[in-house]
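First the proteins, then the strands, lettered A, B, ... as listed; each starts at 1.
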2 protein chains.
Amino acid sequence: MGFKKNRIKLEDIANKLNLSIATVSRALDQNPRVKQSTREKVIQTANDMGYMPNQIAKSLSSGKTNIIGVIIPRYDEPFFIEVCRGIDHYVSTHNYKILISSSRNSFDSEVENLASFERGLVDGIILSPTHETKTFSHIKNVINAGIPVVLFDNIIEEMHGADHVLIDDKKAAFSAVEFFIKKGKKQIAFIGGAKEKKVFKDRFEGYKEALNTYNIPMNQNLILHCNSLDRKSDNIEINSFFNSPQIKPDAVFTCTDNYGLLTMKTLLKLGYKIPEDISVIGFGDLGLADVFVPSLTCVAQPSFEMGQKVAELLINQLSEPENINHQKKVITLDTKIILRESTP
Amino acid sequence: MGFKKNRIKLEDIANKLNLSIATVSRALDQNPRVKQSTREKVIQTANDMGYMPNQIAKSLSSGKTNIIGVIIPRYDEPFFIEVCRGIDHYVSTHNYKILISSSRNSFDSEVENLASFERGLVDGIILSPTHETKTFSHIKNVINAGIPVVLFDNIIEEMHGADHVLIDDKKAAFSAVEFFIKKGKKQIAFIGGAKEKKVFKDRFEGYKEALNTYNIPMNQNLILHCNSLDRKSDNIEINSFFNSPQIKPDAVFTCTDNYGLLTMKTLLKLGYKIPEDISVIGFGDLGLADVFVPSLTCVAQPSFEMGQKVAELLINQLSEPENINHQKKVITLDTKIILRESTP
DNA sequence: TTTAAAAAAACAAACGTTTGTATTATTGTT
DNA sequence: AACAATAATACAAACGTTTGTTTTTTTAAA
């Protein structure tokens, strides 16, 4: 702790006032066990001397750090930042702070981060698993060690043993594709990300089910799974996809806002009119979907709210008595389609 | 610290092996004072028992938390996130973690955050002052308490007593406007944010100086200072600005990427051709400047690098011997113009 | 006044480490 | 076999709080 050794502590106040450390501690805590006049004297002196409590000592003694650890796959995705904002918003009203770590989309780093948090620095953990994460044991271990964990986004079956918050990706995709179908679209393209990622798999399921429900044959040429290393590679993949001669879509459902914007960029360069010639729907509704010309119709994902809910579940666990057997909780949030210029 | 009471500690290992706590501690530390065979036995047992060191106790004892506190004005600006990425990148190689807090653009909240960090939770602090921040004393106090502080972005004169990293906003704006002038532009508009904010003031200075240097009269009608509450209000202000009959710019220098994109959106809606009729330059080069159609030429601000530099200055301070009198350090990073489609 | 009850404050252990100093065990020398 | 010298380990204080228990002081009743 980067402070000089002459930092004022309880002992200094106690010495100055000829009181015991315990009394000073209780006085500053507004504990009624110490006399009103003493309490005032202590508080006055503490202020005069510039006393600052030592959070670390407090934590060691009380067994609480009032810090929530948050592990996200990456910083540079507005979705995660928005969720963090939601978490921060909620926990700050409960006197908690958040410690954010990035797993940089690596399972090993996720395990490492978890272990680091397990060293007692945090009271609870919020985790968004990477798409590399196929197991639950590393999470289960933390839970078994008595540290509450809540998950969000990209939750696979195995992880249902932990509290979590998610959206119904399949349903959301279904409704977007259904929207296209009801507008009379027949050649609906799908642009998703790495197939191993749960959210993309689910959204693809929703796409297929919508086509199936309305008896529209699926055309493999209209389907693209980006590898999504970065925006530049996405751009290249999407470009060559639409430049292929087999492609004649009249609508495109994309699994992220970025894919949606890159798709529109590509289509505009190719001379398409949006939405007259072709419609586009994005997924997420963060960033600049509303700034682009034309603005992008989106499946809106309630990111901030998701953060709040995740935080709420965690704080609830933290305030439960230790011995009661925790009942697993799952919250599924609703999505909705925000209509803009990229669709008729 | 959210863990069950039955958590394994040094004492448990010591008891099991009939050793003292000190020896166990040293063994796990790879301290040569303990015999090779003992060391191995201890490490083996620690693993078997599932020992996890208690970070809080470690911190109390060692006086170091290995946490860096970072205070940014807001989460939802890619610039700050990018800086945080840079910080994280640098400090993680030095075995530090970052604790990010948002001051929500409020001076009071900044003071509060600083005080909270001063309670011994962090070894050092990185701060980006809000635009409300006009004083230095609250920062000076923290420094005087022995906690290293490094500042970035929006640094006013008063704060020069602390290490800081910045760009030359005036020079950057000057070069962007000069670029326009050399392309033959005569009616160069300026779109900035709240005038109290240092960065916007400096960029405005650069704009004025460029005009002045090339003997171009300044036209008040071509200047807009947005209040910048959120993107929606920016949009409205920029819209009504360009819809005014007095405005006939042939180029627009905007102080952020967002302003640049909103400007292009407005101009496109009004039927302008970019860059044929009018050119636009943004500032920052984060987010979607390269995705927009047309893509936006930008003054690129090295955000990630800024984070790394800030972190480097802080880590340097942390590794200095306590008694030496710290020599204040200032790093000014270079900007450059990234040419894209919005300029000829 | 003495004494019991209540109020106020002091004492001391605990939280889980680190680390300087003291003690015990081992080795090598004669 | 006795004795240094050194290696290995144990002891104990310290980090700055919190909090249960005990002691002292004050108040009020007899």
Practice prompt. Taking the side chain as every heavy atom from C-beta outward, state whether B/Arg119 and A/Asn54 have any atom pair closer than 4.5 Å.
Written response: no

Strictly below 4.0 Å: does [X] bring a side-chain N or O up to OP1 or OP2 of [N]?
X: A/Thr38; N: C/dA9; result: yes
X: A/Lys9; N: D/dG16; result: yes
X: A/Thr23; N: C/dA10; result: yes
X: B/Ser25; N: C/dT18; result: yes
X: B/Lys58; N: C/dT17; result: no
X: B/Ser20; N: D/dA10; result: yes

Item to complete: Assess the side chains of A/Ser106 and A/Ser103: does a donor N or O sit below 3.5 Å from an acceptor N or O?
Response: no

What is the distance, to the nearest angstrom, from the [atom1] atom on [X] to the [atom2] atom on [N]?
X: A/Leu10; N: D/dT19; atom1: CG; atom2: P; value: 12 Å
X: B/Tyr51; N: C/dG16; atom1: OH; atom2: P; value: 10 Å
X: B/Gln55; N: C/dT18; atom1: CD; atom2: C1'; value: 13 Å
X: B/Arg7; N: C/dG16; atom1: CZ; atom2: P; value: 9 Å
X: A/Ile56; N: D/dG16; atom1: CD1; atom2: P; value: 12 Å
X: B/Ile21; N: D/dA14; atom1: CD1; atom2: P; value: 17 Å
X: B/Asn54; N: C/dG16; atom1: CG; atom2: P; value: 7 Å
X: B/Leu19; N: C/dT17; atom1: CG; atom2: C1'; value: 17 Å

Worksheet entry | Flag if over 12 foreign heavy atoms under 6.0 Å of CD, A/Gln30 | yes

Practice prompt. Report yes if a donor N or O on one partner sits less than 3.5 Å from an acceptor N or O on the other, where the partners are the side chain of A/Arg33 and the base of D/dT21; otherwise report no.
Written response: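 Flag set: donor-acceptor pair detected.
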
Worksheet item: Do A/Phe107 and A/His138 have their ring centres less than 6.0 Å from each other?
Response: yes

Worksheet item: So, A/Phe152 versus A/His164, ring centres under 6.0 angstrom or not?
Response: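 They do not qualify: ring centres at least 6.0 Å apart.
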
Discussion item. Considering every strand and a 4.0 Å limit on heavy-atom distances, what is the contact class for A/Asn18: base, sugar-phosphate, or nothing?
Written reply: sugar-phosphate

Fill in: Nearest-nucleotide pick for B/Ser61, side chain only, options being D/dT18, C/dA10, D/dA14
D/dA14

Worksheet item: For the side chain of B/Lys35, counting heavy atoms from C-beta on, which of D/dG16, D/dT9, C/dT18 is nearest?
Response: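 Within the option list, the nearest is D/dT9.
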
